[in-house]
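What follows is a set of notes on a single structure, which appears directly below.
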Amino acid sequence: MLDSGAMDQAVPEYNVFGSHPVEVERTFWYRWIVGHQLSFALWRAMYEVVGHSPDTVPSPPELDLLAACVDAYSAMLIYSSTVPRGHYHSHIRRRMALQHPAISGTWAPDYRPVRRIFRGKLPWQGDPSCEALGKAVARNAATHDYIADHLVPDGPSLLQQSIEAAGVTVSREKEELYDNFFLTVRRPVSRVQFVDQLRARVAGVGTDLARNGLYPNVGGHHHPVVTGQSGGLMMTLVPGALRALDEAIGLVTAQQVQGVGA
Ligand code: HEM
């Protein structure tokens with residue numbers, strides 16, 4: 001969680017306002033895909049904590065992990081959305097609509113098992129020990145609303161604008177279309193492999209941010225998503241996206257190590 005204070009000095013720094021990427025289309029495509037893949041892995045890590053006994057209040061270290069994963073997911077929402085709006089509509093959204101006209105985050109197979117956390121629906125979420133998690137969940141809802149409005153101002157999602165009604169059961173076929181779009185192949189992996197996959201993607205995000213900054217210069221100007229005026233609760237994630245990822249991965253790794261030893 002971002003409020004906890006302790007910061008790992010080894011986390012690389014990056015400029016918020018960066019330079020022109022060498023390959024614009026590939027940079028934003030990479031961000032869209034990897035930002036989503038990291039979100040999937042963070043949801044999986046959360047499910048590891050709550051999946052077995054969703055009605056039992058998690059331990060303090062588990063609550064820290066949940067809050068850190070939610071914040072890291074919020075950071076990935078911002079990272080994925082740094083694509084200039086026009087480019088999003090002409091390239092990314094267009095490609096998503098070609099995959100399926102109603103494609104939606106509601107089809108994400110890893111989200112559904114942890115959806116109740118994001119809705120504050122698990123019975124223990126009102127406990128005072130869950131305050132930091134509650135703040136992270138509120139920050140996440142604000143971030144998703146914000147980036148949706150930023151990229152598609154006053155517009156419906158692809159699901160809402162398609163003829164399919166929201167709330168329709170998500171079939172395995174839709175989940176596969178969604179996975180397929182985000183270049184996600186599912187097979188059993190060990191905990192060590194899972195953490196390695198997470199770390200490899202975070203390293204890629206770090207390289208991209210070090211090279212291009214969070215808000216690259218495209219077409220002669222920057223395209224900020226969250227800024228000082230609008231930022232509010234989300235502002236810490238702008239310079240702190242890598243820190244949020246690093247904190248989550250550190251706690252996931254610690255939990256995995258405990259799990260292996262148990
Ligand atoms: C940046 C990457 C994004 C991710 C990872 C993401 C993720 C998600 C997830 C997991 C849900 C399901 C929420 C639930 O069932 O409780 C969802 C729903 C939704 N998202 Fe996003 N989202 C993203 C971007 C956007 C954008 C750009 C829009 C702009 C329109 C948007 C609009 C919506 C809407 C309206 C819903 C409600 C269901 C629907 O109509 O699809 N999201 N999103």
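Just so it is clear, the model here is predicted, and its values are computed rather than measured. Whatever order the structure lists them in is the order used to number ligands and atoms, beginning at 1.
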So for Phe118 against ligand 1, with non-hydrogen atoms under 4.0 Å, the contacting part is neither

Under a 4.0 Å heavy-atom limit, does Trp107 contact ligand 1 with its side chain, its backbone, both, or neither?
neither

In terms of heavy-atom contacts, Val70 and Ala136 come closest through CG1-O, 3.3 Å

Minimum heavy-atom distance Lys174-Val170, with the two atoms named
CB-CG1, 4.1 Å

Can you confirm if the aromatic rings of His222 and Tyr215 lie within a centre distance of less than 6.0 Å?
no

Centroid-centroid distance, Phe28 to His87, less than 6.0 Å:
yes

Please could you name the atoms of ligand 1 that [X] approaches to less than 4.0 Å, counting only its heavy atoms?
X	result
Ser104	39 (C), 41 (O)
Ile147	1 (C), 24 (C)
Ser81	1 (C)
Gln160	35 (C), 40 (O)
Tyr88	27 (C)
Trp32	1 (C), 2 (C)
Leu159	39 (C), 40 (O), 41 (O)
Leu77	1 (C), 2 (C), 3 (C), 4 (C), 5 (C)

Please tell me if the side chains of Tyr178 and Phe40 come closer than 4.5 Å, counting only heavy atoms from C-beta onward.
yes

Report yes if some heavy atom in the side chain of Val202 is under 4.5 Å from a heavy atom in the side chain of Asp246; otherwise report no.
no

Shortest heavy-atom approach to [atom] - which of [options]:
atom	options	result
atom 29 (C) of ligand 1	Asp149, Val152, Leu158	Val152
atom 26 (C) of ligand 1	Ala108, Ala148, Ser80	Ala148
atom 14 (C) of ligand 1	Arg93, Arg115, His36	Arg115

With ring-ring contact (aromatic ring centres under 6.0 Å, His included) as the criterion, how do Phe118 and Tyr73 come out once you've worked through the C-alpha distance, each side chain's angles and the decisive distance to 0.1 Å?
CA-CA 11 Å; Phe118 289 93; Tyr73 165 41; 5.7 Å; yes

Salt bridge check: are Lys135 and Glu131 linked by an N-O gap of less than 4.0 Å?
yes

[X] to ligand 1, any heavy atom closer than 4.0 Å:
X	value
Ser39	no
Arg119	yes
Tyr111	yes

Qualifying side chain to side chain donor-acceptor pair (under 3.5 Å) pairs with a residue from residues 192-208, counting only residues at least two apart or across chains:
Arg31-Asp208, Gln37-Arg201, Tyr79-Asp208, Ser190-Gln193, Arg199-Thr253, Asp208-Asn212

Below 3.5 angstrom, do we get any N/O pair linking Trp43 and ligand 1?
no

Taking N or O atoms only and a 3.5 Å limit, does Thr106 qualify as a polar contact for ligand 1?
no

How long is the straight-line distance from CG of Leu245 back to CG of Asp71, given to the nearest 0.5 Å?
10.5 Å

Between Asn140 and Ser74, do the side chains contain an N or O donor and an N or O acceptor separated by less than 3.5 Å?
yes

